[in-house]
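The block underneath contains the structure these notes are about, expressed in structure tokens.
This structure is a prediction, so every number in the text was calculated from the model and none was measured. Only this structure's heavy atoms are used, side chains among them; waters, hydrogens and symmetry mates stay out.
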Amino acid sequence: MPNLTPPVTTVAQAMRYRQRILEAVPAKTHFQPLMTLYLTESTTHDEIERVSRQTDVLAFKLYPAGATTHSEAGVKALEKIYPLLQTMERHDIPLLVHGEAIDPAVDIFDREKAFIDKHLAALCERFPALRIVLEHATTAEAVQFVRDSGPQVAATITAHHLLYNRNALFAGGIHPHHYCLPILKREKHRLALLDAATSGDKKFFLGTDSAPHPQSHKQSAVGCAGCYTAHAAVEFYAEVFDAARALDQLEKFSGFNGADFYGLPRNRSTITLGKSSWTIPATYPFGDESVIPLRAAETITWRLLDKSEP
């Protein structure tokens with residue numbers, strides 16, 4: 001994700017960020033970070049050209065201005081980036097979309113549908129060869145739109161949107177660590193996401209949207225959006241797929257569909273999951289602060305048992 005402070009808007013910034021990631025990876029661990037640039041109204045055609053020559057920078061991410069955490073530098077008027085999208089289409093560079101309308105008159109639970117109706121459908125029609133990923137889809141309307149679109153349109157689905165509906169935000173009080181954007185929706189939407197994720201449809205694949213915001217930023221007068229799931233993401237997905245009796249589809253969703261859409265080789269390393277209960281820590285250290293993980297202090301039934309390198 002490129003929505004850092006400051007945002008990652010150029011190949012040079014992305015490569016410096018990538019180097020920092022590699023320096024933090026434990027020795028003898030094979031990990032290949034694939035980078036994304038933050039698309040703005042100031043992005044240049046030359047920068048798009050540079051991305052087209054890179055193997056470590058794969059796509060641009062579109063954040064409507066103000067739609068989510070650290071999206072202040074995002075796009076205010078989509079029409080202003082049409083020439084950039086045309087260049088991206090010509091170079092076959094994917095556009096990754098945070099799909100929410102930013103009109104304050106639109107109800108927060110309707111922002112994804114409004115974005116699809118008012119903007120995404122028009123983008124797909126205007127740029128039919130542009131590969132588009134609707135990141136972190138949350139509604140039945142999003143699932144249907146992706147299914148009805150051509151092979152150039154796909155979507156990612158998070159673990160937390162598969163696990164929870166919007167009751168998780170409010171039942172028994174306000175739960176800030178379940179606050180994310182796009183926000184959790186009604187149960188009918190969670191079920192639609194579950195059906196898409198477990199269907200084997202190659203248009204849907206894993207996207208955690210894991211957000212390690214410090215506890216003080218989440219539990220504040222103006223708490224930031226995002227759920228921290230990286231500590232147990234694959235275990236969460238396994239729990240969901242197991243409950244849906246669709247474990248045979250988990251490998252496609254988590255390992256094949258995304259790679260195939262991006263035209264990347266499928267990973268040859270493997271992981272082994274098993275049913276073995278463990279309790280998630282109440283907190284994880286994060287610099288001088290701490291992060292509250294999703295399902296903090298709860299026991300879950302799937303565990304990562306082993307990883308093997310090719």
Side-chain angles (χ1 to χ4, degrees), residues 99 109 112 133-144 146-147 154-171 175 177-212 225-261 266-267 270-281 284 292-307:
F109 293 102
E112 183 174 272
V133 180
L134 179 58
E135 294 279 13
H136 320 131
T138 65
T139 60
E141 290 84 1
V143 168
Q144 195 60 52
V146 171
R147 282 176 166 159
T156 61
I157 303 174
T158 76
H160 43 287
H161 286 104
L162 291 173
L163 287 167
Y164 299 116
N165 61 37
R166 67 185 188 179
N167 287 342
L169 284 164
F170 307 114
H175 298 281
H177 298 286
H178 289 153
Y179 173 53
C180 56
L181 290 172
I183 201 164
L184 298 173
K185 305 297 196 300
R186 291 178 180 272
E187 177 66 2
K188 70 174 184 179
H189 297 296
R190 189 191 71 83
L191 293 175
L193 296 174
L194 179 62
D195 178 72
T198 60
S199 68
D201 189 331
K202 64 183 181 180
K203 284 170 156 275
F204 300 97
F205 39 91
L206 183 155
T208 63
D209 195 25
S210 185
C227 299
Y228 181 59
T229 60
H231 61 292
V234 70
E235 292 93 331
F236 290 150
Y237 284 112
E239 179 182 306
V240 167
F241 277 66
D242 184 27
R245 295 183 172 85
L247 279 173
D248 59 321
Q249 300 297 333
L250 180 58
E251 187 174 38
K252 292 180 185 177
F253 177 80
S254 61
F256 295 166
N257 294 349
D260 293 349
F261 182 84
R266 293 178 177 180
N267 201 328
T270 63
I271 62 173
T272 301
L273 291 158
K275 274 198 168 179
S276 176
S277 296
W278 62 288
T279 301
I280 294 173
Y284 284 98
I292 306 294
L294 195 72
R295 306 277 288 274
E298 294 183 26
T299 297
I300 63 174
T301 56
W302 283 89
R303 180 190 291 270
L304 181 63
L305 300 178
D306 178 60
K307 290 197 298 184

Within this structure, what is the [atom1]-[atom2] distance for the pair [X] and [Y], rounded to the nearest 0.5 Å?
{"X": "D195", "Y": "L162", "atom1": "CG", "atom2": "CG", "result": "11.0 Å"}
{"X": "F236", "Y": "H231", "atom1": "CZ", "atom2": "NE2", "result": "4.0 Å"}
{"X": "I292", "Y": "I280", "atom1": "CD1", "atom2": "CD1", "result": "12.0 Å"}
{"X": "H189", "Y": "H161", "atom1": "NE2", "atom2": "NE2", "result": "11.0 Å"}
{"X": "L247", "Y": "Y237", "atom1": "CG", "atom2": "OH", "result": "15.0 Å"}
{"X": "L163", "Y": "I300", "atom1": "CG", "atom2": "CD1", "result": "9.5 Å"}

[X] side chain to [Y] main-chain N or O, any donor-acceptor pair under 3.5 Å?
{"X": "H175", "Y": "N167", "answer": "no"}
{"X": "E112", "Y": "T138", "answer": "yes"}
{"X": "W302", "Y": "S277", "answer": "no"}

Grab the two heavy atoms, one from [X] and one from [Y], that are nearest each other, plus how far apart they are.
{"X": "N165", "Y": "R186", "answer": "CB-C, 3.9 Å"}
{"X": "P281", "Y": "P293", "answer": "O-CG, 3.3 Å"}
{"X": "T156", "Y": "H136", "answer": "OG1-N, 2.8 Å"}
{"X": "H160", "Y": "C227", "answer": "CD2-SG, 3.8 Å"}
{"X": "F109", "Y": "L184", "answer": "CE2-O, 3.3 Å"}
{"X": "S254", "Y": "L206", "answer": "CB-CD1, 3.7 Å"}

### Message
Applying side chain to side chain contact (heavy atoms under 4.5 Å, CB included) to D201 and V146, what does each step give before you reach the verdict?
### Response
CA-CA 10 Å; D201 189 331; V146 171; over 6 Å; no
### Message
Classify the ring geometry of Y164 against H178: parallel below 30°, tilted from 30° to 60°, perpendicular beyond 60°.
### Response
tilted
Are [X] and [Y] side-chain neighbours, meaning at least one heavy-atom pair lies under 4.5 Å?
{"X": "I183", "Y": "L169", "value": "yes"}
{"X": "I157", "Y": "F253", "value": "yes"}
{"X": "V143", "Y": "L193", "value": "yes"}

#### Entry: I271/V234 under side chain to side chain contact (heavy atoms under 4.5 Å, CB included): CA gap, chis, key distance, verdict
CA-CA 10 Å; I271 62 173; V234 70; 3.8 Å; yes
### Task
Name all residues meeting the side-chain contact (heavy atoms from CB on, under 4.5 Å) criterion together with N257; count only those two or more places apart in sequence or in a different chain, and write none if there are none.
K202, F205, K252
### Query
Is E251 atom CD crowded by more than 12 heavy atoms from other residues, nucleotides or ligands, each under 6.0 Å away?
no
### Query
Do the charged groups of R295 and E239 touch, with an N to O distance under 4.0 Å?
yes
